[in-house]
Amino acid sequence: MSSAHKNKLNPSQKEAVSHPGGPLLVLAGAGSGKTRIITERIAHLIDIERVRPFNILAVTFTNKAAGEMRERLERLIPGQARNLWIGTFHSICLRILKREADMLEGFGKDFVIYDPGDQIKVIKNCMAELNLSEKVFAPRSVRAFIDGAKNKGIDPADGAAGLYDRKVLEIYEAYEAAMRKSNALDFGDLLNLTVRLFSENREALEKYQTQFHHILVDEYQDTNRIQYMLVELLSRKHKNLFVVGDDNQSIYGWRGADIRNILDFENDFPQAKIIKLEENYRSTKTIRDAANRLISKNTRRHEKNLWTGNVRGERLYFYLARDEKDEASGIAARIRSLTGEGYQRNQIAVFYRTNNQSRVIEEEFLRQGVPYKVVGGTGFYERAEIKDILAYMKFIANRLDEISLRRIINVPPRGIGKSTIDNLTQISKSENMPLFDAAIHAVKKNLLPPGPLSRVRRFSNMITGLSQYAREHDIGELLDHMLQETGYLELLEKEEERRENVGEILNLAAEFEKTGDSNRLPDFLDWISLVSDVDTFDEKTDRVAFMTLHSAKGLEFPVVFIVGLEEDLLPHINSIKNGDVEEERRLFYVGLTRARKRVFLSSASTRRIFGSEQSQMPSRFLSDLPEEAVEYESFESANGGTQRTSGTHPAGRRRHRPARSAATVGKYRVGQKTSHPKFGQGIIKSVEGSGDDARVSVLFPGYGVKKIMAGYLSG
DNA sequence: CTGGACAAGCTTTTT
DNA sequence: GCTTGTCCAG
């Protein structure tokens with residue numbers, strides 16, 4: 001069985017899959033079958049080496065990848081995949097922490113997980129307490145500081161120097177104390193507390209070291225310091241660490257991903273072996289060439305030479321749009337013609353740098369009636385009603401959760417306003433008890449005016465009742481009951497859209513129950529805190545997928561659109577300022593290499609940013625692509641230099657008149673590529689005059705439009 | 001205590 | 001341009 005499908009592997013892949021043991025780094029180029037290698041490796045370990053599934057730990061980057069891996073394994077080695085430990089670093093740490101909760105100092109086993117929004121609220125509360133202005137210490141940057149420290153696994157006091165730092169440190173300490181009081185962990189805590197547990201508790205470490213005979217890590221290029229520490233600790237005993245990654249696809253530097261993890265693997269793990277996978281099975285030659293050329297402009301990287309036996313395929317297409325609306329309608333029109341050619345919509349994806357770019361494109365798709373689905377972003381889990389409902393559930397599960405309590409205590413409005421809450425906060429402080437206990441205490445001892453008192457009593461009785469109910473019923477029943485009891489359903493009466501979102505959460509509950517592992521509230525909460533939108537993304541429904549370039553990692557599509565190829569957007573202005581342009585280039589590389597057959601690029605000449613129109617320069621990355629691999633067109637050339645009226649787009653119009661016949665003057669054709677000794681390669685936007693006296697307007701990526709005498713141009 | 005009106009600040013990227 | 005937070009009248 002196993003040997004039968006191993007035949008389909010190439011020699012390097014085979015070597016990796018049947019690696020005898022010890023540390024192994026598989027340097028796998030884009031589309032070289034990375035995830036497949038891990039799956040086959042696990043199947044090999046179980047089937048041939050007779051390793052028990054329970055003794056294997058596999059770490060993936062998303063829960064979706066984990067689920068898919070489990071499914072594939074279920075097919076390769078039926079009945080054995082269940083006991084494998086597969087998941088993201090976060091979900092695996094959570095699982096360990098829940099099991100070992102007794103050993104956790106300062107937290108109870110029913111702890112909840114706070115998302116970044118909750119974190120910000122905690123920080124704001126702490127700062128108010130410390131009398132620190134949000135002007136001087138932006139809560140967002142404080143959060144970034146806290147996260148950064150946790151990702152690096154360092155004591156935040158280590159880096160502190162000036163007064164500012166000392167104040168931020170004070171906030172940090174207050175934050176940590178508040179989190180303990182609320183019995184809540186943030187994402188960083190999941191990793192840090194696990195590592196701390198292992199460093200401080202020999203027995204616990206021993207237990208997991210013994211259990212995990214084999215540890216496999218996917219997307220190793222995006223692991224950070226704390227994740228490295230975890231893997232290093234756990235693999236010390238058996239030393240069977242199998243990691244797969246591609247330094248060219250490292251795009252999470254801002255989250256503490258440390259490229260040294262992959263570059264220094266051989267030093268960190270003695271006797272480590274390295275295997276390179278350089279055959280790309282995914283893309284056409286043209287796409288692979290373009291991606292190779294692009295990434296070769298980066299300096300810090302392992303040398304790899306990605307090749308493919310696939311066909312050459314069509315050229316990449318670049319469209320210079322007038323503005324972001326023109327860009328959006330160009331995409332929609334193009335997709336309509338692609339579906340006309342026989343492509344399914346779910347074979348197509350649109351990638352962008354920042355989430356807000358999706359809005360304009362969505363509007364245009366709605367107008368043109370092209371079905372789409374936005375994956376990730378400020379999506380489902382950010383919506384107020386979803387947060388409200390989750391806050392109810394979290395609070396029912398953990399009555400120390402102050403952030404959730406504050407969120408729900410007056411939603412829907414039940415007459416418990418600011419002054420009552422202030423009163424309760426006061427009592428909680430003076431009596432040194434959690435906020436909810438203070439509420440119960442206040443009711444018992446008549447510490448509030450009669451009106452508020454009876455309203456607080458009703459609220460606390462309701463919560464007590466719901467907690468009781470939660471213990472005796474499953475998630476679906478609890479949700480129904482809760483919506484009824486809290487009056488939330490009534491609140492939604494008039495609002496169609498919000499009701500639909502609430503309906504969605506019922507679906508999620510059903511999906512969770514389908515996993516069959518549990519129907520308990522705490523398990524549901526754990527699950528939902530760690531599933532992201534990408535995880536529930538279903539590629540089978542016939543809709544175009546919209547997502548950020550970051551979310552696109554690990555996916556592939558026959559047709560890929562990458563939009564907003566502009567200076568300050570891709571590369572993003574902040575990265576340019578920080579000198580991180582190479583990571584931005586890798587991001588573009590990740591986008592390109594998702595594509596199997598076709599790539600469509602675009603940028604807008606002007607774009608609305610913060611409400612005002614800004615002139616945009618085409619991205620410098622455009623000139624990193626091989627000239628012959630790209631077909632260029634601009635909104636001007638597409639319309640013969642005349643004013644465009646709505647509805648005339650290169651894509652929509654193409655079948656009547658191909659782009660080749662765009663306005664031509666002498667040897668210079670609008671839309672054609674040319675180059676200049678100082679500005680490099682550019683695209684011709686318009687031409688005046690003819691012969692060597694012609695004055696040509698050329699758009700140079702990174703420089704903008706320049707008027708040049710024809711004699712200075714070449715190509 | 002509630003809800004509406006207005007101002008301010010905002011956009012990288014995510015487990 | 002949009003969303004979030006703040007202020008004030010009812």
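In the text below, chain A, chain B and the rest are named by the order of the sequence lines, each starting its count at 1.
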Provide, to the nearest angstrom, the distance between the CG atom belonging to A:Leu191 and the C1' atom belonging to B:dT14.
-> 13 Å
Separation of atom CG in A:Asn192 from atom C1' in B:dT15, rounded to whole Å | 14 Å
Just checking, any donor-acceptor pair under 3.5 angstrom between side chains of A:Tyr488 and A:Asp388?
-> yes
Using side chain to side chain donor-acceptor pair (under 3.5 Å) as the criterion, list what pairs up with A:Asp401, not counting sequence neighbours.
-> A:Tyr114, A:Ser404
Quick one: label A:Ser612 by what it contacts on the DNA or RNA (base, sugar-phosphate, nothing), any heavy atom closer than 4.0 Å.
-> nothing
Do A:Tyr175 and A:Gln119 get their side chains close enough for a donor-acceptor pair, meaning under 3.5 Å?
-> yes
N/O donor-acceptor pair under 3.5 Å between A:Glu68 side chain and A:Ala65 backbone | no
Would one find a side-chain N or O of A:Ser91 under 4.0 angstrom from OP1 or OP2 of B:dT15?
-> no
Whole Å only: how far is the CZ atom of A:Arg455 from the C1' atom of B:dT2?
-> 11 Å
May I ask you to test the A:Tyr352-A:Leu569 pair for a side-chain heavy-atom distance under 4.5 Å?
-> no
On DNA chain B, check which nucleotide each of A:Asp147 and A:Ile416 is closest to and give me the residue with the more 5' one.
-> A:Ile416
Looking only at atom C1', what distance separates C:dT6 and B:dT11, rounded to whole Å?
-> 23 Å
Between A:Leu97 (CG) and B:dT15 (C1'), how many Å, whole number?
-> 15 Å
Show each protein N/O and nucleotides 7-13 of chain B N/O combination with a separation under 3.5 Å, one pair to a line.
| residue | atom | partner | partner atom | Å |
| --- | --- | --- | --- | --- |
| B:dT11 | OP2 | A:Arg140 | NE | 3.4 |
| B:dT11 | OP2 | A:Arg140 | NH1 | 3.3 |
| B:dT11 | O2 | A:Asn356 | ND2 | 2.3 |
| B:dT11 | N3 | A:Asn356 | ND2 | 2.8 |
| B:dT12 | OP2 | A:Asn574 | ND2 | 2.5 |
| B:dT12 | O2 | A:Arg353 | NH1 | 2.7 |
| B:dT12 | O2 | A:Arg353 | NH2 | 2.1 |
| B:dT13 | OP1 | A:Asn355 | N | 2.8 |
| B:dT13 | OP1 | A:Asn355 | ND2 | 3.1 |
| B:dT13 | O4' | A:Arg353 | NH1 | 3.3 |
| B:dT13 | O2 | A:Trp254 | NE1 | 3.2 |
| B:dT13 | O2 | A:Arg353 | NH2 | 3.2 |
| B:dT13 | O2 | A:His550 | NE2 | 3.4 |

Measure from NZ on A:Lys418 to P on B:dG3 and round the result to the nearest Å.
-> 18 Å
A:Phe621 side chain reached by A:Tyr589 side chain, heavy atoms, under 4.5 Å = no
May I have the distance from A:Glu219 (atom CD) to B:dT15 (atom C1'), rounded to whole angstrom?
-> 13 Å
Can you check the A:Glu324 CD to C:dG1 P distance for me, whole Å?
-> 11 Å
Between atom CD in A:Glu363 and atom P in C:dG1, what is the gap in whole Å?
-> 12 Å
Exactly one of A:Arg143, A:Lys387, A:Lys394, A:Lys124 clears salt bridge (charged side-chain N to carboxylate O under 4.0 Å, His left out) with A:Asp118, and that residue is A:Lys394
